There are 2 protein chains.
Amino acid sequence: MSRRTYDQYCALAKALDVVGERWTLLIVRELFAGPQRFSDLLQTLPGIGNGLLATRLREMQAAGLIESSELPPPAASRVYQLTRRGRQLDEAVTALGRWGEVLLAAPTSEEHRHPLWLLQSLAAHTRHMPNSTPELARLDVDILLDGQQLHLRIRSGRAMAGRGSHPHPQAAITTTGETLYALKKGQIQVEGAIETGQIEIRGDQEVARRVLRLLTLSEPAA
Amino acid sequence: MSRRTYDQYCALAKALDVVGERWTLLIVRELFAGPQRFSDLLQTLPGIGNGLLATRLREMQAAGLIESSELPPPAASRVYQLTRRGRQLDEAVTALGRWGEVLLAAPTSEEHRHPLWLLQSLAAHTRHMPNSTPELARLDVDILLDGQQLHLRIRSGRAMAGRGSHPHPQAAITTTGETLYALKKGQIQVEGAIETGQIEIRGDQEVARRVLRLLTLSEPAA
DNA sequence: CGGAATCCTCTTCGATACTG
DNA sequence: CAGTATCGAAGAGGATTCCG
């Protein structure tokens, strides 16, 4: 009955009362990439258990973070999506993710993996750096990453990753997480990876290259 | 024995594995304002229970977030403080705090309060806005807030709140949380509050005014 | 008195089984 | 597919005790 709270008159404590519980911010991360059904979330969040997911979704709805909507027939299913308030968590989630990046050791492990998470991570960095050249004002590309269909929206140099394909992509990239990771590390270059076939591009070649270069840019020295 | 983790190869999940558990980020918040002893933390974090605090401090030490050091006699006590890695949480904690600010309703409640938390909250906003005029390059002032001795360090327009007094303050301000809150809301002005005695200043009047104006600046329209 | 370890109760979590 | 019901296990909170 009694939701556990910190009972502190402090903005951080209040925020943690709402999003500090287990799984909540990971659900937010999933919904940043687009609406999801109950069972979609169950799949991408291994270990959560359906009871707890139901509870979290109810709490998050009550807190105004998400809303659910019925898809019209014949889909006849319910999807959950972020509200404006929920989307405002972008900055905090992004900052936390950047902080956690150095904790990513070798990907070899019993860990669950998902191409989206890598793309979100790379996209998060672009929202940290001031990259707003006119060339990066507005770009939309599809990315088939390790067989998963994703897309990237770039607005004023800031990238957001999403599931599925974009309605009007200017280009389509096919590659692997390994390749993106090597690019980010500076171990290979965009042009080289295209030549060796590690990256395939359809549509606007220049747009795709711009996106790839933005995404795999290294952090400037602080 | 088995620390609970999300087991996801994802930067956000990794970050939450380390700082996502109950109380951890609130401990970080306290240590942002300076080193603290075990019992200091117990006092400022009502409800934590000493066993859990000990556990958290051990975990945070193992994760490289904090370190403990013995004070030389006659103090003969141990203090905990953030490491560099721990201080890097600044951005994430600040972003979360800003997100939570709208959840602060009327301060009338059973909630625990502490002048430091208000000051940290106000300071967090200055780190969000680009305010880097030469006048705000480097300022250090003491603040006696609701009887609590605190201080503010301002570097390049970005304020950090701390406990106790600064070794070399340029000015000292005495006021109340209520007054700062009203200033932030725009209900009163700095000059007016000084005239009515709601704010007292010793030392460099101009420095104190600059700090107060920075601190209580309203958010520019996004 | 500061800094914990111990014990006990209550809540939350995670997995499985079950229902509309 | 979208949840609810249930139950053992882990975690949290409070008090007490121990040690220097």
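All values reported here derive from a predicted model rather than from experimental measurement. Just so we're on the same page: letters track the sequence lines, and every chain starts at 1. Excluded from the calculations below are hydrogen atoms, water molecules and symmetry mates; all remaining heavy atoms, backbone and side chain alike, are included.
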- Query: Hey, is the main chain of A/Gly164 close enough, under 3.5 Å, to the side chain of A/His151 for a donor-acceptor pair?
  - Reply: yes
Looking only at the side chain of [X] (C-beta and beyond, no hydrogens), which of the listed nucleotides [options] gets closest?
{"X": "B/Arg78", "options": "C/dG3, D/dG3, D/dG13", "answer": "C/dG3"}
{"X": "A/Arg37", "options": "D/dA12, D/dG3, D/dA2", "answer": "D/dA2"}
{"X": "A/Phe38", "options": "C/dA4, C/dC13, D/dG3", "answer": "D/dG3"}
{"X": "B/Arg4", "options": "C/dG3, D/dA12, C/dC13", "answer": "C/dC13"}
{"X": "B/Arg58", "options": "D/dA12, D/dA2, C/dA5", "answer": "C/dA5"}
{"X": "A/Arg22", "options": "C/dG14, C/dG2, C/dT12", "answer": "C/dG14"}

- According to a strict under-4.0 Å criterion, is A/Ser77 in side-chain N/O contact with OP1 or OP2 of D/dC1? no
- Message: Taking 4.0 Å as the cut-off, does a side-chain nitrogen or oxygen of B/Trp23 come that near to OP1 or OP2 on D/dG13?
- Response: yes
- Looking only at non-hydrogen atoms, find the nearest pair between B/Tyr9 and A/Trp117 and report the distance. O-CE3, 3.8 Å
- cation_pi(B/Arg163, B/Phe32) dist<6.0 Å, angle<=45: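 Judged by the rule, B/Arg163 and B/Phe32 form no cation-pi pair.
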- Message: Tell me whether the side-chain N or O atoms of B/Asn50 pair up with the base of D/dA15 as donor and acceptor below 3.5 Å, since no angle test is needed here.
- Response: yes
- Query: Just how far, in rounded Å, is P of C/dA4 from CD1 of B/Ile48?
  - Reply: 13 Å
- Test B/Asp140 against every option in B/His168, B/Arg155, B/Gln170 by the side-chain hydrogen bond (donor to acceptor under 3.5 Å, both in side chains) rule and name the one that passes. B/Arg155
